[in-house]
There are 2 protein chains.
Amino acid sequence: MSIVLLAKNLGLSISTVSRALNGYDDVSAATRERVALRAKAIGYRPNPSARRLGAGKTSAIGVILPAASSTGQAVDSMYSSLLCGVVTEIEPAGYHLLASMQAKHDAAREAALYENFIRGGWVDALLIVRTRVHDARLELCRAAKIPFVTYGRTESDEPYAWVDTDNEKAFHLATTRLLDLGHRRIALINGPDEYYFAQLRRRGYLRALASRKLKPDPAWILHGDLTEGSGHELCRSLLIRSPAPTAFVCATDSMAIGAIAACREANLSIGTDVSVIGYGNSSLSAFCDPPLTTMEHQVFENGRYVGRALLQLLRKEIQPEEVHYLEPVVLVPRKSDGPAPQGG
Amino acid sequence: MSIVLLAKNLGLSISTVSRALNGYDDVSAATRERVALRAKAIGYRPNPSARRLGAGKTSAIGVILPAASSTGQAVDSMYSSLLCGVVTEIEPAGYHLLASMQAKHDAAREAALYENFIRGGWVDALLIVRTRVHDARLELCRAAKIPFVTYGRTESDEPYAWVDTDNEKAFHLATTRLLDLGHRRIALINGPDEYYFAQLRRRGYLRALASRKLKPDPAWILHGDLTEGSGHELCRSLLIRSPAPTAFVCATDSMAIGAIAACREANLSIGTDVSVIGYGNSSLSAFCDPPLTTMEHQVFENGRYVGRALLQLLRKEIQPEEVHYLEPVVLVPRKSDGPAPQGG
DNA sequence: GGACAAAACAGAAACGTTTTTGTCAAGCCA
DNA sequence: TGGCTTGACAAAAACGTTTCTGTTTTGTCC
């Protein structure tokens with residue numbers, strides 16, 4: 001009854017008040033201002049549910065976060081920063097973030113979750129994270145004609161809006177750095193192969209090797225789940241080989257920490273006997289022993305970019321194919337890498 | 001028009017269909033089943049916006065996350081697990097989580113954010129995290145008569161629903177452990193004093209000292225912002241004193257990592273010259289050097305508890321004063337602490 | 001001054017539910 | 001058999017907006 005009251009209070013019709021508040025130009029500037037002032041004075045807030053029903057829009061943007069394990073232990077903390085950036089942008093525009101979680105990747109359950117979000121009319125737009133090489137979620141969104149932005153790219157015939165980090169460049173950079181340091185046996189401790197970022201990273205790694213005419217050893221490319229435990233286990237499995245790698249490029253700082261732990265257990269001195277490079281420049285990477293050489297990317301800023309893109313798509317100010325933001329990555333040199341050991 | 005179609009399709013009235021779907025008992029069991037079946041068959045989904053408007057309920061639970069810095073870098077990754085637990089419980093009940101963020105603590109802006117959430121009709125219930133000693137948010141919720149659960153306690157005259165970790169016990173436990181190891185100069189690297197958990201932790205620390213008739217030195221109780229950088233800085237400021245502490249109890253594993261870095265810079269051997277205990281049992285704590293003695297608490301499980309409590313409150317199956325869950329904390333002994341150095 | 005356009009507002013339908021109130025038939029009891 | 005209850009459904013009024021379609025007033029031009 002709220003807008004009714006406001007209208008009565010002003011001696012105007014409901015429709016005029018509504019149009020005044022929404023900035024239509026068939027209401028005089030004077031009236032528009034008068035309405036705005038009075039609305040503020042009596043503390044009028046449009047009821048979001050009614051607004052949604054009336055306009056057919058929800059003012060909500062949905063995101064489904066991947067929780068690696070069923071206990072949620074391994075939710076990637078990166079997402080906090082990403083979402084923080086998104087919210088920073090969409091909140092002032094009156095949008096909210098509707099977050100759900102997905103305990104484990106299961107195609108059927110995932111489709112159901114997204115279907116519910118989209119068809120159920122919960123959200124106006126979606127943020128898709130952790131993109132896979134072939135990602136069915138894009139089709140779901142396209143079929144429902146709902147705007148979306150992916151964080152991470154995927155293989156797709158049709159254009160789509162994406163924001164991503166230059167994973168390929170990053171791992172080319174890191175691998176080249178190790179090559180320049182004299183390393184010839186470089187292992188890649190990668191993320192799950194189904195994710196596109198893992199493929200891009202491998203591609204960067206392989207390209208760096210190829211540019212030095214080095215043949216990659218498939219046994220030195222391993223995939224894990226981005227956790228310390230996984231990095232530890234994979235690194236250990238490589239160290240018992242002979243010859244063992246002298247350097248490890250890891251998909252996350254966490255994996256790098258695990259790898260370093262494995263090296264230490266093997267009585268290898270990090271930065272001299274063996275080199276490790278992480279990814280993410282997490283807050284701890286400067287404080288571990290030795291400080292971790294890693295690659296920085298601005299997750300929060302990427303989140304803001306995503307937020308802005310979503311708003312522009314919702315307002316149809318931009319086409320999906322115009323949203324292609326590839327964040328450059330910078331390498332942060334610290335102490336966990338060094339020249340290849342002699343006779344390595 | 002959807003329920004209209006379904007009703008027509010069934011030859012029933014809209015109201016009967018609605019009541020059948022919502023399990024009212026003034027519709028025969030046979031009809032109820034028939035409706036449910038047909039609804040499923042034609043893929044009927046109630047429009048959440050309309051449902052909200054009709055029922056005056058949003059089916060959403062709100063949470064406003066604290067982002068420590070304006071860049072969102074220091075969003076506590078713990079919240080991912082907590083929310084994951086909450087969602088696990090509320091999602092099957094048809095509730096969604098509406099998440100917002102608060103860049104920096106600013107009383108006015110915070111109140112506005114919560115007001116918007118509550119008065120704006122965005123959510124049915126709220127989860128309040130990072131409780132302060134005196135927390136104005138409780139009053140906001142009470143005034144708006146909206147159910148809420150706090151994660152963490154606060155000073156309040158009136159009863160309220162809370163889920164918390166036994167912070168006092170935890171730090172009593174850790175301090176006692178260090179005392180048993182012979183330490184007499186134990187520093188507390190705490191979180192910001194405005195948070196209730198920080199006070200409880202100090203209380204546990206002080207109680208442990210008092211039980212051994214030791215007088216606490218106020219200069220050894222410091223407050224930081226829960227990050228590695230802060231732990232590093234605070235620890236360093238203590239190490240240049242004389243006499244310096246021989247042991248540090250830290251508010252988070254991150255702070256402990258920072259403290260360890262500072263100790264290492266001072267050429268102290270961790271676990272022999274100096275002992276450090278963290279809090280949280282983060283995934284990395286087992287893999288750092290030395291592996292971190294820390295305290296485990298089940299954030300995900302706490303989240304589930306919070307979720308269940310919220311549902312029960314919403315259904316009025318329970319009173320706020322009945323929701324008092326204090327999670328016990330267990331100490332995970334590893335290698336970052338040891339006997340006090342001789343002549344310490 | 002009459003025709004027309006434009007500006008500014010109003011009326012009413014629509015959005016898709018829930019919920020309150022109403023109706024009707026059947027069953028029960030004295 | 002008449003009045004009462006009960007079971008099962010229907011009608012219609014909310015819920016608070018947005019938006020489509022009018023309507024009135026004013027101004028402009030020839």
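So that the names make sense, note that chain A is the first sequence line, chain B the second, and so on, each numbered from 1.
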Exercise for the section: Please work out if B/L12 contacts a base, only the sugar-phosphate, or nothing of the nucleic acid, heavy-atom cut-off 4.0 Å. Expected result: sugar-phosphate
Practice task
Answer with base, sugar-phosphate or nothing: what part of the nucleic acid does B/S18 contact at a heavy-atom distance below 4.0 Å?
Solution key: base
Problem - A/R308 versus A/T88, side-chain donor and acceptor atoms under 3.5 Å - result: no
Exercise for the section: Could you check whether B/S49 gets within reach of a base, just the sugar-phosphate, or nothing at all, counting any heavy atom under 4.0 Å? Expected result: nothing
Practice task
Report yes or no: do A/Y79 and A/R130 form a side-chain donor-acceptor pair below 3.5 Å?
Solution key: yes
Fill in the blank from the handout: Separation of C/dC15 atom P from B/R51 atom CZ, nearest Å, is 19 Å
Exercise for the section: Check every atom of D/dT18, D/dT17, C/dA8 against the side chain of A/A55 and return the nucleotide holding the closest atom. Expected result: D/dT18
Problem - Under-4.0 Å side-chain N/O to phosphate OP1/OP2 contact, B/S15 with C/dT19 - result: no
Practice task
Rounded off to whole Å, could you give me the CG-to-P distance for the A/L53 and C/dG16 pair?
Solution key: 7 Å
Practice task
Please tell me which of the listed nucleotides, C/dT19, C/dG16, C/dT18, lies nearest to the side chain of B/I14?
Solution key: C/dT18
Handout entry: A/S2 side-chain proximity, nearest of D/dT17, D/dT19, C/dT18
Key = D/dT17
Exercise for the section: Quick one: label B/R32 by what it contacts on the DNA or RNA (base, sugar-phosphate, nothing), any heavy atom closer than 4.0 Å. Expected result: nothing
Below 3.5 Å between N/O atoms, which protein atoms pair up with nucleotides 21-26 of chain C? Just atom names and distances, please.
none

